[in-house]
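Scroll down for the structure; my scribbles are underneath it.
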There are 2 protein chains.
Amino acid sequence: MRDSDRTVIRALALFREIAEAEFDRLIEGAFLQRFPMHVVLINEGEHADFLHIIVEGVVELFARYEARETTIEILQPVTTFIPAAVVRDDVYLKSARTLAPSRILMIPATNVREMFGRDPVFARAVVDEVALRYRRLVRALKDQKLRTGAERLANWILETDRQQGSRGRVSMPYEKRTLSALLGMTPENLSRTLASLTAHGISGNGREILISDRDALLRCARPDPLIDGPE
Amino acid sequence: MRDSDRTVIRALALFREIAEAEFDRLIEGAFLQRFPMHVVLINEGEHADFLHIIVEGVVELFARYEARETTIEILQPVTTFIPAAVVRDDVYLKSARTLAPSRILMIPATNVREMFGRDPVFARAVVDEVALRYRRLVRALKDQKLRTGAERLANWILETDRQQGSRGRVSMPYEKRTLSALLGMTPENLSRTLASLTAHGISGNGREILISDRDALLRCARPDPLIDGPE
DNA sequence: GATCGCCATTGATAATCGTCAATTCGAAAT
DNA sequence: ATTTCGAATTGACGATTATCAATGGCGATC
């Protein structure tokens, strides 16, 4: 593993506080690997043998049921997946694939579980991480059950703009079909909804969305700190 | 606190393994209280000052957005809520209310957070608990995004029957309007969907549902271990 | 046992959303 | 520049779901 990678991973909330020696033991047997775009890293139903960490790139967590498929979450560096399955020593409930060329660190699940018992500081960090993920998922479920498609899209635009520096210019980090799956709608409906939001403060060209009238967009979106942010 | 209550709480996965002295310290300042039906215990947005444990009764976790409201989860003894907010020392994202006369144990959040650092066994138990909840929520989100209303209802019937001993006779533990909110539909639609399932293996009277043709119901529901069970 | 109030049901209608099909658009390769 | 392939858009249609309104039923209360 390169030194610069080590530094980045070490800076993760999950590893920041633990002792040097413990960190070395943890990443023993781990490996950092490059993957091209659209590679499946995890298949739901498989046993959780590794804790994955996305060091670079974009990863989609998705799930299938019969012929249907939906996106649960989209992850960007630096984040772990999927901690809950590793902690419980169980099968994954979600699949994962790269949406861009990515570098992924894979830590053997046994190392992670072993280290709970040894290092209280690490155990505390893992609790924090899983609890954070739990809360994100609560927000996602509220978003899905309490809002219409147009509201979800409007809030996604505002939230993504915030993440990109509130410049009023949002660039989509992945395909529209992926965004539609994340928002819980079909690609066709995303197109139409995006078109209809043109009358409410946005204008878009391809993968760029411009927020021309933030107040109008806010009136559509009505963001809520208990759904959208700040996490 | 009564001795019998103490025994029940002590048997929780969260507390089973910890030392007697630690347990005593944890529940110092805790109190066990009775609540009538339909009492709000937690308001989303409030800071998480207590870890709640439902010792007896039924508790609904729900959330509001504007004038809308939905159910996130329904809890029965013995379960904690809401561990993630307590762990992260943050505000609740969900509200909670009793759906039946209930007895709730409330442990000061500071006690819980303090004990992480002291007791690795407890820290490990908390990780397990939060991870379990995370996985339940993943299942709920998959259920919501990947299935139709009728499928969700059919699977709820099968799952509830299993929980009640697979006797082919399901009794609803709460009002139909609550079930409809849990399943992400309106009460009107629940009525209609329930009526339509009559042609597929069930027959119902009020709060009782009889599974008359399990195979037919299974063909409707198509349960999936990665969504419905076994947790 | 009669009254009251709320939940549940049913019907009618409208809005939302998904599906199918046909283009259009755009990026990558030749 | 041209070709090519797949994504994105657009339109038409159908299914699903929500909303509004009215009625029926059930339990709680007196």
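A, B, ... follow the sequence lines: proteins, then strands. Residue 1 opens every chain.
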Starting from [atom2] on [N], measure out to [atom1] on [X] and report it in whole angstrom.
| X | N | atom1 | atom2 | value |
| --- | --- | --- | --- | --- |
| A:Y174 | D:dA7 | OH | C1' | 17 Å |
| A:R177 | C:dG18 | CZ | P | 14 Å |
| A:H38 | D:dG6 | NE2 | P | 13 Å |
| A:N205 | D:dT9 | CG | P | 11 Å |
| A:E208 | D:dA8 | CD | P | 15 Å |
| B:M37 | C:dC6 | CE | P | 15 Å |
| A:I209 | D:dA8 | CD1 | C1' | 14 Å |
| B:R147 | C:dG18 | CZ | C1' | 19 Å |

Residues of residues 59-75 of chain A with a heavy atom under 4.0 Å from any atom of DNA chain C, listed by number, are none
May I ask you to decide whether [X] forms a salt bridge with [Y], counting only side-chain N to carboxylate O separations under 4.0 Å?
| X | Y | result |
| --- | --- | --- |
| B:R64 | B:E44 | no |
| B:E66 | A:R147 | no |
| A:D90 | B:R135 | yes |

Residue list, side chain to side chain contact (heavy atoms under 4.5 Å, CB included) with [X], at least two apart or on another chain:
| X | answer |
| --- | --- |
| B:A140 | A:L141 |
| A:D161 | A:S166, A:V170, A:I211, A:R214 |
| A:V39 | A:F35, A:P36, A:L41, A:T98 |
| A:V78 | A:V8, A:L12, A:I53 |

Applied to residues 134-177 of chain B, the ring pair (Phe, Tyr, Trp, His ring centres under 6.0 Å) test, sequence neighbours excluded, yields none
Rounded to the nearest 0.5 Å, the CG atom of A:L183 sits from the NZ atom of A:K176 at a distance of 12.5 Å
Taken to the nearest 0.5 Å, the spacing of A:L218 CG from A:N155 CG works out to 8.5 Å
Where protein sits on [range], one letter per nucleotide: B base, S sugar-phosphate only, - none, heavy atoms under 4.0 Å:
| range | answer |
| --- | --- |
| nucleotides 22-30 of chain D | --------- |
| nucleotides 9-14 of chain C | SBBB-- |
| nucleotides 24-29 of chain C | ------ |

As a check of understanding: the bend across the helix from C:dG1-D:dC30 to C:dT30-D:dA1, end axes from five pairs, rounded to 10 degrees, works out to 40°
Does any non-hydrogen side-chain atom of A:T80 lie less than 4.5 Å from one of A:H52?
no
Phosphate contact (C:dC17 OP1 or OP2) by A:T186 side-chain N/O below 4.0 Å:
no
For B:E69 and B:R97, what are the C-alpha separation, side-chain angles and deciding distance, and is it a salt bridge (charged side-chain N to carboxylate O under 4.0 Å, His left out)?
-> CA-CA 13 Å; B:E69 183 180 308; B:R97 73 181 149 222; 2.5 Å; yes
Identify each donor-acceptor pair in which a side-chain atom of residues 187-202 of chain B lies under 3.5 Å from a protein atom, sequence neighbours left out, and give them as a table.
residue : atom : partner : partner atom : Å
B:T193  : OG1  : B:N189  : O            : 2.6
B:S196  : OG   : B:T193  : O            : 2.8
B:T198  : OG1  : B:A195  : O            : 3.2

Contacts of B:Y92 meeting side chain to side chain donor-acceptor pair (under 3.5 Å) (sequence neighbours excluded), chain-then-number -> none
How about CZ on A:R169, more than 12 heavy atoms from neighbouring residues, nucleotides or ligands closer than 6.0 Å, or not? no
Q: Determine, stepwise, if the pair B:E60 / B:T71 fulfils side-chain hydrogen bond (donor to acceptor under 3.5 Å, both in side chains).
A: CA-CA 7 Å; B:E60 175 190 18; B:T71 302; 2.5 Å; yes
